[in-house]
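Here's the structure we're looking at; comments come further down.
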Amino acid sequence: MGLMSSKASKSCIPSDMSVTTVPTKPIEGQKPGTSGLRKKTKVFMGENYLQNFVQSVLDAIEASGTPLKGAALVISGDGRYYNKDAIQIIIKMAAAAGVGRVWCGDHGLLSTPAMSAVIRTRSRGLAGMAPFGGFILSASHNPGGIDEDFGIKYNCENGGPAPEKVTNLIYTNTTTIKEYKLCCGLPEIDLSAPGSYTLGGGAFRVDVFDCVEDHMGLLQQVFDFGAIKALFAREDFSFVYDGMHGVQGPYAKKIFVDEFGAPASSLMNCEPKEDFGGPASASHGHADPNLTHAVELVARMGLNKEGREIETTSEPPVFGAAADGDADRNMIMGSRFFCSPSDSLAVIVANASCIPYFAAGLKGCARSMPTSCALDRVAEKLGIPYFEVPTGWKFFGNLMDSGTDAFPGKPVYTPFICGEESFGTGGDHVREKDGMFAVLAWLQILAAENPDPAKPIVGVGDVTKKHWEKYGRNYYARYDYEGVDKPAAEKMMAAMVEAQPALIGTTVDGMKIAKADMFEYHDPVDGSVSKNQGVRFIFESGSRFVFRLSGTGVAGATIRMYLEEYAAPDADLTKHAFDVVKPIADIALKISKLTEYTGRTEPSVVT
């Protein structure tokens with residue numbers, strides 16, 4: 001497709017482009033985290049809240065040497081409540097800043113990986129047409145609605161999250177802002193269908209385009225859609241996909257139904273809703289693809305929220321998957337089988353050669369520090385560099401951009417695959433985690449494992465168990481304690497760090513602590529140092545537990561406790577992960593004194 005589809009309507013709208021300057025003052029708490037700025041929707045709807053942050057971003061971009069005048073900017077989101085209103089506000093502010101072109105997905109929708117794809121590829125290499133970045137309006141997997149959560153994140157010209165030096169400048173601007181600017185005379189843009197709107201006598205243009213086409217076009221360059229379609233054509237292959245009423249619905253319909261021929265009935269909750277289904281839905285509007293929240297999919301696949309088998313009235317599908325609100329996360333399931341994100345990443349890397357984009361071999365891979373070490377064993381066997389980075393996709397982005405114009409003279413690690421235990425997986429085709437990428441990677445693997453339709457179907461569980469037989473199994477679980485009092489959580493973390501030196505070499509409940517530290521990352525690409533990235537305790541056996549405070553919530557703090565135990569290929573690989581890591585959880589709770597500090601006796605979510 002070109003920059004605008006030939007079917008798109010084109011309008012020249014007379015409009016007042018005069019700039020209005022609005023006095024304002026700093027609003028506390030606008031420091032963006034690893035996933036942008038997230039607050040309650042009503043906070044964003046408050047006086048000047050959104051405007052202050054957007055102006056601070058635009059000022060930071062210009063101060064960093066990126067010209068705005070006449071340039072292109074992408075603005076879209078995951079469809080949650082206030083998404084469309086926020087887009088109209090940002091369009092008016094972009095015009096006032098001198099931006100020449102704004103691109104929006106139809107209905108104001110773009111998944112987070114699609115935003116990255118649009119920034120990186122939609123200009124089709126035409127000089128001066130590439131956008132300098134984009135605003136993603138999303139709070140990811142957090143609930144949507146007027147009483148729930150909203151968020152905004154700025155992605156740079158490489159399609160990835162803004163680096164720390166930019167987010168620091170944005171935050172500084174929010175603490176000193178005195179005014180913001182917008183073109184109040186611009187009319188509301190019709191986002192309901194593709195179209196091109198020229199305003200102010202040609203000084204400003206807004207293009208609305210099919211939200212799916214760029215991302216799907218890029219994925220078609222990565223995967224063999226024909227081979228996957230042949231898998232779908234098998235009579236013994238069955239499939240179900242849960243969009244959780246997030247942004248992924250249009251993408252799922254176009255790819256799974258229109259391209260692969262899946263029946264429309266195989267899609268669950270694939271109509272985007274502003275509240276992701278709300279409290280009345282099975283997920284209670286929490287569009288988070290895990291065993292706890294993707295209730296309908298998990299039951300359909302024959303499991304309960306602990307991943308244990310349940311009775312079903314019919315045989316579960318061969319393959320099941322889900323996406324979160326902004327479609328950057330994924331969950332992979334087989335019939336009566338849950339594949340953990342850590343295992344999923346390791347299996348994809350081990351089988352990457354069956355994916356056309358990676359057919360010549362990977363040059364690098366990486367995982368976030370809390371993610372299980374299953375990937376490391378694969379990388380060692382493949383003989384490729386692998387990296388352990390802090391949580392946050394921007395750290396993967398540096399590794400993907402190593403050796404490019406952004407970091408000349410550095411080693412090249414692409415083709416590259418990476419992932420996080422928090423249900424995020426991706427490759428170097430974009431600079432965000434990509435839920436659809438992970439699903440297509442698994443479908444490509446299954447297509448390669450099932451070349452003969454006369455033979456019994458090989459499913460997700462079969463592939464994963466074969467992987468364990470070769471590499472061993474990293475039994476793994478994560479406990480989330482949500483909405484914890486933040487000062488209490490910080491005191492708990494500080495006390496653990498203080499206690500670590502004395503605990504090294506001691507034995508707790510029969511397990512000897514070999515190493516204990518606060519994870520610190522030295523970026524091999526840009527030389528930056530990221531401190532305080534998680535408290536680690538590693539036992540002599542190689543088992544470990546990790547504590548980290550998450551920045552993705554909007555109320556209180558979320559304490560994440562990660563648990564891992566390795567079993568060699570000749571060990572018992574059939575146990576339930578939650579049972580295996582329970583003794584490590586008991587030690588972690590004893591050392592951290594979590595209940596004593598927070599009053600919590602049970603986690604909110606276990607995955």
Side-chain angles (χ1 to χ4, degrees), residues 1 111 113 210 212-213 215-243 248-271 289 294 296-298 300-302 312-323 327 330-339 344 347-348 350-359 425 427 429 434-467:
M1 299 293 290
S111 71
D210 182 329
V212 177
E213 63 182 10
H215 189 214
M216 188 175 81
L218 192 55
L219 291 169
Q220 286 173 317
Q221 297 174 39
V222 176
F223 299 100
D224 181 350
F225 273 38
I228 297 174
K229 186 173 182 177
L231 174 69
F232 274 76
R234 285 184 59 139
E235 289 185 6
D236 57 353
F237 180 76
S238 48
F239 166 90
V240 63
Y241 188 83
D242 189 350
Q248 190 78 308
Y251 300 83
K253 290 174 184 174
K254 193 76 66 91
I255 293 174
F256 299 132
V257 177
D258 297 348
E259 286 289 321
F260 297 153
S265 59
S266 65
L267 303 185
M268 303 167 59
N269 306 316
C270 279
E271 294 297 330
E296 292 170 283
L297 174 67
V298 173
R300 181 86 173 271
M301 299 306 294
T312 57
T313 55
S314 59
E315 186 65 19
V318 171
F319 183 87
N330 72 92
M331 178 165 68
I332 303 297
M333 302 188 75
S335 178
R336 298 186 178 90
F337 187 85
F338 166 66
C339 185
S344 176
V347 170
I348 291 171
N351 293 274
S353 60
C354 75
I355 299 169
Y357 187 78
F358 305 110
T425 316
H429 64 299
D434 187 344
M436 186 61 78
F437 169 89
V439 173
L440 294 181
W442 266 97
L443 291 171
Q444 192 84 79
I445 291 167
L446 293 183
E449 291 284 337
N450 291 282
D452 186 352
K455 292 184 177 179
I457 194 84
V458 175
V460 172
D462 301 312
V463 172
T464 306
K465 290 170 186 175
K466 187 170 74 171
H467 179 91

(Q) Would you say that M333 contacts V240 through its side chain, given a criterion of any heavy-atom pair below 4.5 Å between the two side chains? (A) no
Q: Only counting residues at least two apart or in another chain, list the ones meeting side-chain hydrogen bond (donor to acceptor under 3.5 Å, both in side chains) with N330.
A: T425
Q) Run the side chain to side chain contact (heavy atoms under 4.5 Å, CB included) check on S353 and F358 step by step: do they pass? A) CA-CA 5 Å; S353 60; F358 305 110; over 6 Å; no
Q: For P263, enumerate each residue passing the side-chain contact (heavy atoms from CB on, under 4.5 Å) test, keeping only those at least two apart in sequence or located in another chain.
A: S265, S266
Q: List the atom of A323, the atom of P289, and the distance in Å for their closest heavy-atom pair.
A: C-CG, 3.9 Å
Donor-acceptor contacts under 3.5 Å from residues 457-465 side chains, at least two apart:
| unit_1 | atom_1 | unit_2 | atom_2 | d |
| --- | --- | --- | --- | --- |
| D462 | OD2 | G459 | N | 2.8 |
| T464 | OG1 | V460 | O | 2.9 |

Q: Applying side-chain hydrogen bond (donor to acceptor under 3.5 Å, both in side chains), name anything that partners Y251, two or more places apart in sequence or on another chain.
A: none
Please tabulate, for the side chains in residues 253-261, all donor-acceptor contacts under 3.5 angstrom to protein atoms that are two or more places apart in sequence or on a different chain.
| unit_1 | atom_1 | unit_2 | atom_2 | d |
| --- | --- | --- | --- | --- |
| K253 | NZ | E271 | OE2 | 2.4 |
| K254 | NZ | D210 | OD2 | 3.1 |

Q: Could you name each residue pair satisfying side-chain hydrogen bond (donor to acceptor under 3.5 Å, both in side chains) that touches residues 444-453, not counting sequence neighbours?
A: E449-K466
(Q) Which residues pass the side-chain contact (heavy atoms from CB on, under 4.5 Å) test with P316, not counting sequence neighbours? (A) T312, S335, R336
Expected list for residues 216-232: side-chain donor-acceptor pairs under 3.5 angstrom, two or more places apart:
| unit_1 | atom_1 | unit_2 | atom_2 | d |
| --- | --- | --- | --- | --- |
| D224 | OD1 | G226 | N | 3.1 |
| D224 | OD1 | A227 | N | 3.1 |

Q. Is M331 close to F338 at the side-chain level, that is, under 4.5 Å between some pair of heavy atoms?
A. yes
Q) Which value, rounded to the nearest 0.5 Å, describes the distance between L446 atom CG and C354 atom SG? A) 9.0 Å
Donor-acceptor contacts, no H, no angles, side chain residues 434-443, under 3.5 Å, sequence neighbours left out:
| unit_1 | atom_1 | unit_2 | atom_2 | d |
| --- | --- | --- | --- | --- |
| D434 | OD1 | H215 | NE2 | 3.4 |
| D434 | OD1 | M436 | N | 3.1 |
| D434 | OD1 | F437 | N | 3.2 |
| D434 | OD2 | H215 | NE2 | 2.8 |
| D434 | OD2 | H429 | NE2 | 2.9 |
| W442 | NE1 | S344 | OG | 2.9 |

Q) For Q248 and A327, which heavy atoms make the closest approach, and how far apart are they? A) OE1-CB, 3.4 Å
